[in-house]
2 protein chains.
Amino acid sequence: MVVADDIQALRHLALLGGLDGQVRISSQRLGDLLGTSAQTASRRLIALEDQMLITRTVRADGQFVTITRQGEDILKEEYAQLCQIFEERSGEYLLEGTLIDGLGEGAYYVSLPGYVSQFKELLGFEPYPGTFNLRLASPAIEMRKKIDTHGWKRVDGFTDHERTYGGCRVLACSIENISCAIIVPGRSHYPEDIIEIIAPVRLREKLGLSTKDNVCVTVHYDD
Amino acid sequence: MVVADDIQALRHLALLGGLDGQVRISSQRLGDLLGTSAQTASRRLIALEDQMLITRTVRADGQFVTITRQGEDILKEEYAQLCQIFEERSGEYLLEGTLIDGLGEGAYYVSLPGYVSQFKELLGFEPYPGTFNLRLASPAIEMRKKIDTHGWKRVDGFTDHERTYGGCRVLACSIENISCAIIVPGRSHYPEDIIEIIAPVRLREKLGLSTKDNVCVTVHYDD
DNA sequence: ATTACTAAAAGACGAGTAA
DNA sequence: TTTACTCGTCTTTTAGTAA
């Protein structure tokens with residue numbers, strides 16, 4: 001088992017071209033790159049050589065290093081892991097929260113024709129008049145921050161009978177395969193641990209849920 | 001500066017899905033993945049949390065972890081480095097060696113018509129009758145091992161006037177922009193620190209080199 | 001200028017333990 | 001079971017030095 005510190009050193013050597021030929025590097029410079037002393041960098045090089053991850057020619061005025069095939073394999077392994085992480089992602093974020101009672105005013109806003117027509121166009125459904133509110137635990141709050149820049153659609157505000165209704169943004173998501181959407185008001189600073197969801201059906205009923213039950217929301221993304 | 005051990009832990013959490021939602025993991029299991037004790041794994045998680053690279057909800061019977069955006073950035077940085085290493089490689093290996101005297105027999109073999117016709121077809125040139133021999137230092141020996149599986153072309157043996165001439169393999173390369181090729185006999189176990197090169201011209205003369213001078217050979221690859 | 005040793009200081013490790 | 005603390009040990013680090 002090669003320790004992480006050694007792999008880090010190996011990676012920097014590769015960055016300097018150690019995969020394609022010999023690279024001249026002093027312990028001092030490697031130390032700078034690794035954020036360690038020159039002594040430690042020197043020890044790293046010795047360790048890498050002992051593990052046959054590099055070969056060296058050391059002279060009094062410096063050293064030449066090249067990465068061996070085994071060293072290359074170690075790096076490839078790490079590369080493969082990161083490829084898996086970033087390229088073969090599931091394509092969905094999971095937000096978990098507990099169902100809470102809303103204030104009831106969501107039903108009013110959500111059913112206003114000026115919004116409904118836009119929901120239909122942007123989301124493909126006419127929402128059940130009411131919102132489904134979740135309180136997120138801290139891990140989910142983190143996920144929420146991540147989705148903040150992904151795939152939101154803008155719903156414009158409008159004026160009706162002398163009153164002005166603000167815009168908002170919606171993000172398509174799903175709960176147990178029912179298409180729905182997270183909705184957040186345009187300007188107001190919404191509490192970050194609460195999300196409001198609209199759906200074509202009454203989710204509480206359809207899913208047989210009541211206040212304080214756990215709910216998992218799936219947000220699909222593509223980037 | 002995030003230390004390598006922490007990044008390693010972060011990578012494993014990402015592999016478990018920590019980028020897309022919360023992942024449940026015990027210190028024991030993380031320790032198994034990292035090759036450390038559960039205590040150390042626990043410490044890693046605490047350190048990651050302190051650096052705000054993950055958020056956690058810890059309970060008496062386990063913990064849930066999700067990677068923060070900052071944590072994701074750290075991993076992306078590492079990923080970018082490895083991409084650079086493996087995807088934006090120069091496309092050439094560099095072998096450095098010192099010019100040595102050959103045995104003179106190379107000239108004879110290389111000019112045999114049975115070989116020459118194949119050289120012309122495979123390499124696009126008719127070699128100067130003589131070989132250019134290099135002794136490699138240990139870093140270059142390592143490079144030589146790497147190119148062992150890249151782009152060699154097979155030259156068949158033949159029989160002429162009751163004598164049999166063995167096959168060999170050639171690998172196109174260049175020395176100071178002069179196209180040439182490394183040639184190694186088919187079966188015999190060639191010393192690993194010596195390479196023999198053929199070229200359309202007399203390299204010693206064209207490059208103004210003499211015995212013991214340093215020479216840098218470039219091997220192009222594509223895979 | 002280098003590398004790499006030695007020795008002292010700092011830090012990390014895992015066993016045991018409590019909650 | 002868990003997590004995460006303390007504590008003694010051991011490893012790693014850095015400064016100093018020699019080559």
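Heavy-atom basis, side chains included; hydrogens, waters and symmetry copies ignored.
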Annotated structure of DNA chain D as dot-bracket, pair cut-off 3.5 Å, Watson-Crick or G-U only, | for inter-strand, is .||||||||||||||||||
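OP1 or OP2 of dA4(D) has at least one side-chain nitrogen or oxygen of R56(B) nearer than 4.0 Å. OP1 or OP2 of dA4(D) lies within a sub-4.0 Å distance of a side-chain N or O belonging to S42(B).
Across all strands shown, L30(B) has no heavy atoms under 4.0 Å from either base or sugar-phosphate atoms.
Ion pair R89(B)/E72(A) flagged as a salt bridge, since at least one NZ, NE, NH1 or NH2 atom sits closer than 4.0 Å to an Asp/Glu carboxylate oxygen. Contact check on E176(A) versus K206(A) returns no salt bridge, with no Lys/Arg side-chain nitrogen under 4.0 Å from an Asp/Glu carboxylate oxygen. Of the charged side-chain nitrogens involved, none lies within less than 4.0 Å of a carboxylate oxygen, so that D50(A) and R43(A) do not count as a salt-bridged pair.
Atom CG of D61(A) is separated from atom P of dA1(C) by 13 Å (rounded to the nearest Å). As a whole-Å value, the separation of Q63(A) CD from dT3(C) C1' is 7 Å. Separating the CD1 atom of I46(B) from the P atom of dT2(D) is a distance of 16 Å, rounded to the nearest angstrom. As a whole-Å value, the separation of Q28(A) CD from dA15(D) C1' is 13 Å. The distance from atom CZ of F64(B) to atom C1' of dT2(D) is 12 Å, rounded to the nearest whole Å. One interatomic measurement links the two molecules: CG of D32(A) to P of dT14(D), which rounds to 12 Å at whole-angstrom precision.
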What does the B/S/- profile of nucleotides 10-19 of chain C look like, 5' to 3', with a 4.0 Å heavy-atom cutoff to protein? ---BBBB---
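Side-chain contact, T131(A) with E196(A): a donor N or O sits under 3.5 Å from an acceptor N or O. Checking S27(B) against R44(B) by side-chain atom types alone, no donor-acceptor pair falls below 3.5 Å.
Side-chain contact between L48(B) and L13(B) is present, with heavy atoms from C-beta onward closer than 4.5 Å.
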Evaluate the criterion side chain to side chain contact (heavy atoms under 4.5 Å, CB included) for residue pair R11(A) and E78(B); output intermediate values, then yes/no. CA-CA 9 Å; R11(A) 201 173 61 234; E78(B) 193 172 316; 3.6 Å; yes
